[in-house]
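All values below come from the heavy atoms of this structure, side chains included, with hydrogens, waters and symmetry mates left out.
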Amino acid sequence: MNSILYSEDTTSLTHASSTEEIQTTLKKRRQPPSLGGVQIAGKRAVVIGRSKIVGAPMHDLLLWNHATVTTCHSKTESLSEEVSRADILVVGAGKPEMVKGDWIKPGAVVIDCGINHVPGKIGLIGS
């Protein structure tokens, strides 16, 4: 597995070629891992999408940083309930406008990885 890690300590990119290297790099940080200043450890994260490009790696990164992670997909029952519990929401399901704004918990961090072209709409639409 090859990954590029961003190190907040040194504001540089680090190349890691194994899971062990990634974990070692994360443990060397002086501060607990954060996402835009929001601490990840102890937060409830929901990842929508299970692809090897977005969903699975985000699930693993959040889990390695001590978030409680739930992975959902287009067939998940009660998706709105899962989303409403998330402190951190990552969406990369490949389905335009899958998540509705009123599902999102106030103050949640949202990362929309969706890039969808919808006929009749101008521009790209997120998931």
Which heavy atom of [X] sits nearest to which heavy atom of [Y], and what is that distance?
| X | Y | value |
| --- | --- | --- |
| Gly55 | Val47 | O-CG1, 3.6 Å |
| Thr71 | Gly49 | CG2-O, 3.8 Å |
| Ala108 | Ala86 | CB-O, 3.5 Å |
| Pro57 | Ile53 | CG-O, 3.7 Å |
| Leu63 | Val69 | N-CG2, 3.7 Å |

Next on the checklist: Given 3.5 Å as the limit, does a donor-acceptor pair link the side chain of Ser51 with the main chain of Val54, or not?
Outcome noted: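 Yes; at least one donor-acceptor contact below 3.5 Å.
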
[X] [atom1] to [Y] [atom2] distance, which is reported to the nearest 0.5 Å:
| X | Y | atom1 | atom2 | answer |
| --- | --- | --- | --- | --- |
| Ile40 | Thr68 | CD1 | OG1 | 12.5 Å |
| Ile111 | Leu62 | CD1 | CG | 7.0 Å |
| Ser74 | Lys95 | OG | NZ | 6.0 Å |
| Trp103 | Arg85 | CH2 | CZ | 13.0 Å |

Next on the checklist: Does Lys100 form a side-chain contact (heavy atoms from CB on, under 4.5 Å) with Ser80? I'd like the steps, not just the answer.
Outcome noted: CA-CA 8 Å; Lys100 309 301 179 217; Ser80 62; over 6 Å; no

Item to check | Identified side-chain contact (heavy atoms from CB on, under 4.5 Å) counterpart of Val46 within the set Val91, Thr76, Leu89 | outcome: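 Testing Val46 for a side-chain contact (heavy atoms from CB on, under 4.5 Å) against Val91, Thr76, Leu89 leaves exactly one candidate, Leu89.
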
Next on the checklist: Just to verify, which of Arg44, Lys105, Lys43 counts as forming a salt bridge (charged side-chain N to carboxylate O under 4.0 Å, His left out) with Asp87?
Outcome noted: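 Of Arg44, Lys105, Lys43, salt bridge (charged side-chain N to carboxylate O under 4.0 Å, His left out) with Asp87 is met by Lys105 alone.
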
Next on the checklist: Under the criterion side-chain contact (heavy atoms from CB on, under 4.5 Å), I'd like the reasoning laid out for Asp112 against Val99: C-alpha separation, chi angles, the key distance, then a yes or no.
Outcome noted: CA-CA 10 Å; Asp112 187 355; Val99 176; over 6 Å; no

Next on the checklist: Could you go through Ile48 and Val83, starting from their C-alpha distance and side-chain angles, then the distance that decides it, and tell me whether this counts as side-chain contact (heavy atoms from CB on, under 4.5 Å)?
Outcome noted: CA-CA 9 Å; Ile48 302 176; Val83 169; 3.7 Å; yes

Checklist entry - Which residues satisfy the salt bridge (charged side-chain N to carboxylate O under 4.0 Å, His left out) test with Glu77, sequence neighbours excluded? => result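 In terms of salt bridge (charged side-chain N to carboxylate O under 4.0 Å, His left out), with neighbours along the sequence ignored, Glu77 is linked to no residue.
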
